[in-house]
Amino acid sequence: MMHDLPYVLAKLDWMRRERIWPNGLRYLWTDAFGLVLLVSLHRETGERRWLDQAEELVGEVERVLGRPRGFRIGEAADRDGQYYHYLAMWLFALAKLGEHDPASRARGVAVARDIHRSFVLPGTGIIWKMTEDLSAPYPGYGLGAMDAFDGYVAYRLLDLQALAPEIAEMKTLIDAQYPSLVIDQDLGLGMMLWLAHFFPDEPWAQVQQRRSVAALDRLWTDPPGYFARASHAPKLRIAFANYGVSLGLQAAGIWPERVERLNGYFEEYRSGDEYDREAITHVMACTSHFPGAFLLHEPMRARAGQVI
């Protein structure tokens, strides 16, 4: 896996100077990735300052995005409502921080209980997006394709006993869904590989890992070295989505040469739109270069820049 600590530290310094992250606009998905990154840096260096920054970030997310139940998608005006998969990623991040700060784990369990019943339709599925107060589905949105998998992993890593009823509901949804689920989107495939690596002996993980690897192989475009957005969009390439694929590949332990190729390609590639400077692009680039605590068995203090 990638372990390029100098890249990450330089990128964090640059983002802070440019007021991109963590001192830019709040966005729950990006902040979840950033929170795990800060935990990873603490584990790698042993320096308390990274945990302090992680706890400060949690406080800012709660202050800006926190709602009586759950978290708003983002701070910008057009980032209203709540996405379940964003919430699940934030719960995963709290679980990782909770390994060092038990109060964060308890906070995550409380959030999971608060949001679960609003999003989950037992035996049917999970509503992809809700209004900000969780009173109703967001107009125009239906059920999420991968949300049960997101919640299942996050809940299990948070507290297997405290969230046992919610975990059982998620498992029922997964068992009904995974045999026929086919994903054709770069980020979705990468995240499924990542989710599957936590419970590799479970049938859903084995089936979805095989399908995801095969689908990603079809999306690989070399030269120049990127994963296409989908089979119907072979020319479309998105940096942050490729970094999510990279996380999945490193979780699965496959194609290290492709991880290096896409990292190199997107370091130079510019899309010409707002994502060239959006925090999601650069925080997820850090994850691609240093997955750390995102992985079940991350190495400790490996040599900087080494692929292992």
If I compare all heavy atoms of [X] with all of [Y], which pair ends up nearest, and what's the gap?
| X | Y | answer |
| --- | --- | --- |
| K96 | E99 | NZ-OE2, 2.9 Å |
| R63 | E60 | NH2-OE1, 2.8 Å |
| I73 | R79 | CB-O, 3.3 Å |
| P22 | R16 | CG-NH2, 3.4 Å |
| A205 | P200 | CB-CA, 4.3 Å |
| A154 | L91 | CB-CB, 4.1 Å |

Does NZ or CZ of R156 come closer than 6.0 Å to the centre of the six-membered ring of F199, within 45° of the ring's axis?
yes

Counting only heavy atoms not in [X] (residues, nucleotides, ligands), do more than 12 fall under 6.0 Å from its [atom1]?
| X | atom1 | result |
| --- | --- | --- |
| E257 | CD | yes |
| R67 | CZ | yes |
| E274 | CD | yes |

Given the options N263, D222, D217, R258 meets side-chain hydrogen bond (donor to acceptor under 3.5 Å, both in side chains) only with D217

For [X] and [Y], indicate whether the former's side chain and the latter's backbone hold a donor-acceptor pair under 3.5 Å.
| X | Y | answer |
| --- | --- | --- |
| Q82 | E132 | yes |
| T281 | Y275 | yes |
| R261 | P224 | yes |
| H3 | P291 | no |
| R19 | G24 | no |
| T131 | A136 | yes |
| S246 | N242 | no |

Quick one, [X] and [Y] - any side-chain contact, counting heavy atoms below 4.5 Å?
| X | Y | result |
| --- | --- | --- |
| L187 | R229 | yes |
| D4 | P6 | yes |
| W21 | R26 | yes |
| D184 | L219 | yes |
| R237 | T221 | no |
| F149 | L181 | yes |
| R117 | E169 | yes |
| L193 | Q209 | yes |

To the closest 0.5 Å, what do you measure between [atom1] ([X]) and [atom2] ([Y])?
| X | Y | atom1 | atom2 | value |
| --- | --- | --- | --- | --- |
| R43 | T45 | CZ | OG1 | 12.0 Å |
| H289 | L5 | NE2 | CG | 12.0 Å |
| F227 | Y265 | CZ | OH | 13.5 Å |
| F290 | M2 | CZ | CE | 11.5 Å |
| I280 | D31 | CD1 | CG | 10.5 Å |
| Q250 | F294 | CD | CZ | 11.5 Å |

Is it true that [X] and [Y] fall in one hydrophobic cluster, defined by side-chain heavy atoms closer than 4.5 Å?
| X | Y | value |
| --- | --- | --- |
| V182 | L189 | no |
| Y27 | L25 | no |
| M146 | L143 | yes |

Check against side chain to side chain contact (heavy atoms under 4.5 Å, CB included), I20 and R277
CA-CA 7 Å; I20 292 173; R277 286 182 60 83; 3.9 Å; yes

Of [options], the residue whose pairing with [X] passes side-chain contact (heavy atoms from CB on, under 4.5 Å):
| X | options | answer |
| --- | --- | --- |
| K129 | Y86, Y138, Y84 | Y138 |
| M1 | V259, L295, L249 | L295 |
| L35 | L97, V283, V61, T30 | L97 |

As a quick check of understanding, evaluate side chain to side chain contact (heavy atoms under 4.5 Å, CB included) for M89 and M191, giving each step before the final call.
CA-CA 11 Å; M89 187 57 73; M191 298 312 292; 3.4 Å; yes

For residues E202 and Y152, is any side-chain donor paired with an opposing acceptor at under 3.5 Å?
yes

Are side-chain N/O atoms of W128 and H85 paired as donor and acceptor at under 3.5 Å?
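Per modelled atom types, W128 and H85 side chains form a pair under 3.5 Å.
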
Electrostatic pair R17:D13 at N-O distance under 4.0 angstrom:
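Here R17 does not pair with D13 in a salt bridge, since their nearest N and O are not under 4.0 Å apart.
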
What about the rings of Y226 and Y269, do their centers lie closer together than 6.0 Å?
no

Chi angles and distances behind the side chain to side chain contact (heavy atoms under 4.5 Å, CB included) call for L87, F119
CA-CA 11 Å; L87 293 163; F119 280 94; 3.5 Å; yes

Any idea how Y155 and H116 line up, ring-wise: parallel (<30°), tilted (30 to 60°), or perpendicular (>60°)?
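Tilted.
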
Pair L51, D101 - check side chain to side chain contact (heavy atoms under 4.5 Å, CB included), show working.
CA-CA 9 Å; L51 275 188; D101 170 34; over 6 Å; no

Please determine whether ring-ring contact (aromatic ring centres under 6.0 Å, His included) holds for the pair F240 and W29, giving the CA-CA distance in whole Å, both sets of side-chain angles, and the decisive distance to 0.1 Å.
CA-CA 11 Å; F240 74 80; W29 178 269; 8.4 Å; no

